[in-house]
Amino acid sequence: MTGTPLSLPEELLLLGLDPVRGRPLTNPKYLHYGLAGAALADLEAAGRITVERGDRITVINPLPLGNAIGDGTLAALPAPAKGGKGVKAHRWVHGAGRPLQELCLRVLEKRGALRRETHRALGLFPYERFPVGPVDLTGPARARFTAAVEAGLPGWRDRLLAAQVAACDLDARLLPGAAGRPHRRALRGLVKECWTSRAVHHAVQQDKSAAGG
């Protein structure tokens, strides 16, 4: 498990958690949406899904991939049906993110990359935190992300990850200050290039509009 390459949502989750405090670095709901978008991007790359009619997800190959996150994501999508319209991407992202995060957390716990800590607010209300575990995968993930951004994101996977980072408002925490401004601008431009990050951005904007209203 430790030596298995990280999936896109696993890598995003490692980037999205404070390594010491174990808290999300962005709005927790936005991170949920980003993880759902990243999982969809992995499924598309594996030839399991496609998007039709602009924003509807269609399963084109229901065969399992053999990993918990990919298979869990595939199982959460509507089964392929003749003449079916598929599910709207931003709606699926909005609803699937939280259970998908729990799945990613369990996988990363098994890797030893995160540890689950239970605390109580005011001594009564339980909540959980996920700091770095005995196997540090967060440091390498951050180093890879920074190096890829500084190199201009040459790889398609780097671009997919960066687009999800920007779509869930994580870019300002990973690329802060004036020095990071040009990189943040570049990442924001990537959001429009991929339907999965557009779906995440749509879900985030819906939340912001609802909060503003």
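Atoms considered below: every heavy atom in the structure, side chains included; atoms not considered: hydrogens, waters and symmetry mates.
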Decide yes or no for [X] and [Y]: does some side-chain heavy atom of the first lie under 4.5 Å from some side-chain heavy atom of the second?
| X | Y | result |
| --- | --- | --- |
| Leu74 | Leu65 | yes |
| His183 | Arg181 | no |
| Asp42 | Leu160 | no |
| Tyr33 | Asp207 | yes |
| Leu6 | Leu108 | yes |
| Val87 | Arg56 | no |
| Leu103 | Arg98 | no |
| Leu161 | Leu12 | yes |

Return the set of residues passing side-chain contact (heavy atoms from CB on, under 4.5 Å) with Ala148 (not counting sequence neighbours), or none when no residue passes.
->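 Ala148: side-chain contact (heavy atoms from CB on, under 4.5 Å) contacts with Leu153, Asp158.
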By side-chain contact (heavy atoms from CB on, under 4.5 Å), which residues pair with Lys192, not counting sequence neighbours?
->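 Per chain and number, Lys192 pairs via side-chain contact (heavy atoms from CB on, under 4.5 Å) with no residue.
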Quick one: salt bridge (charged side-chain N to carboxylate O under 4.0 Å, His left out) partners of Arg144, sequence neighbours excluded?
->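 Arg144 satisfies salt bridge (charged side-chain N to carboxylate O under 4.0 Å, His left out) with Glu11 once adjacent residues are dropped.
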Asp171: salt bridge (charged side-chain N to carboxylate O under 4.0 Å, His left out) partners, not counting sequence neighbours |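 Asp171 satisfies salt bridge (charged side-chain N to carboxylate O under 4.0 Å, His left out) with Arg188 once adjacent residues are dropped.
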Please list, one pair per line, the donor and acceptor atoms closer than 3.5 Å that link side chains of residues 126-139 to other protein atoms, with sequence neighbours excluded.
unit_1, atom_1, unit_2, atom_2, d
Glu128, OE1, Arg116, NH1, 3.0
Glu128, OE2, Arg116, NH1, 3.4
Asp136, OD1, Thr138, N, 3.1
Asp136, OD1, Gly139, N, 3.0

Counting only heavy atoms not in [X], do more than 12 fall under 6.0 Å of its [atom1]?
| X | atom1 | value |
| --- | --- | --- |
| Arg91 | CZ | no |
| Arg173 | CZ | no |
| His32 | NE2 | yes |

Indicate yes or no for a side-chain donor-acceptor contact from [X] to the backbone of [Y] under 3.5 Å, with no hydrogens or angles considered.
| X | Y | answer |
| --- | --- | --- |
| Arg23 | Leu17 | no |
| Ser197 | Ala163 | no |
| Asp55 | Ala89 | no |

Apply salt bridge (charged side-chain N to carboxylate O under 4.0 Å, His left out) to the pair Arg115 and Glu109, showing each step before the final yes or no.
-> CA-CA 6 Å; Arg115 66 179 189 274; Glu109 281 184 89; over 6 Å; no
Are Ser209 and Gln206 close enough that a side-chain donor and a side-chain acceptor fall under 3.5 Å?
->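 Their side chains do not contain a donor-acceptor pair, so the 3.5 Å distance test is not met.
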Between Gln164 and Thr196: side-chain donor-acceptor atoms closer than 3.5 Å =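 Indeed, the side chains of Gln164 and Thr196 share at least one donor-acceptor pair under 3.5 Å.
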Give the C-alpha distance, both sets of side-chain angles, the deciding distance and a yes or no for side chain to side chain contact (heavy atoms under 4.5 Å, CB included) between Trp195 and Thr50.
-> CA-CA 10 Å; Trp195 66 269; Thr50 188; over 6 Å; no
Residues that His202 engages under ring pair (Phe, Tyr, Trp, His ring centres under 6.0 Å), provided they are two or more places apart =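 Partners of His202 under the ring pair (Phe, Tyr, Trp, His ring centres under 6.0 Å) test: His90.
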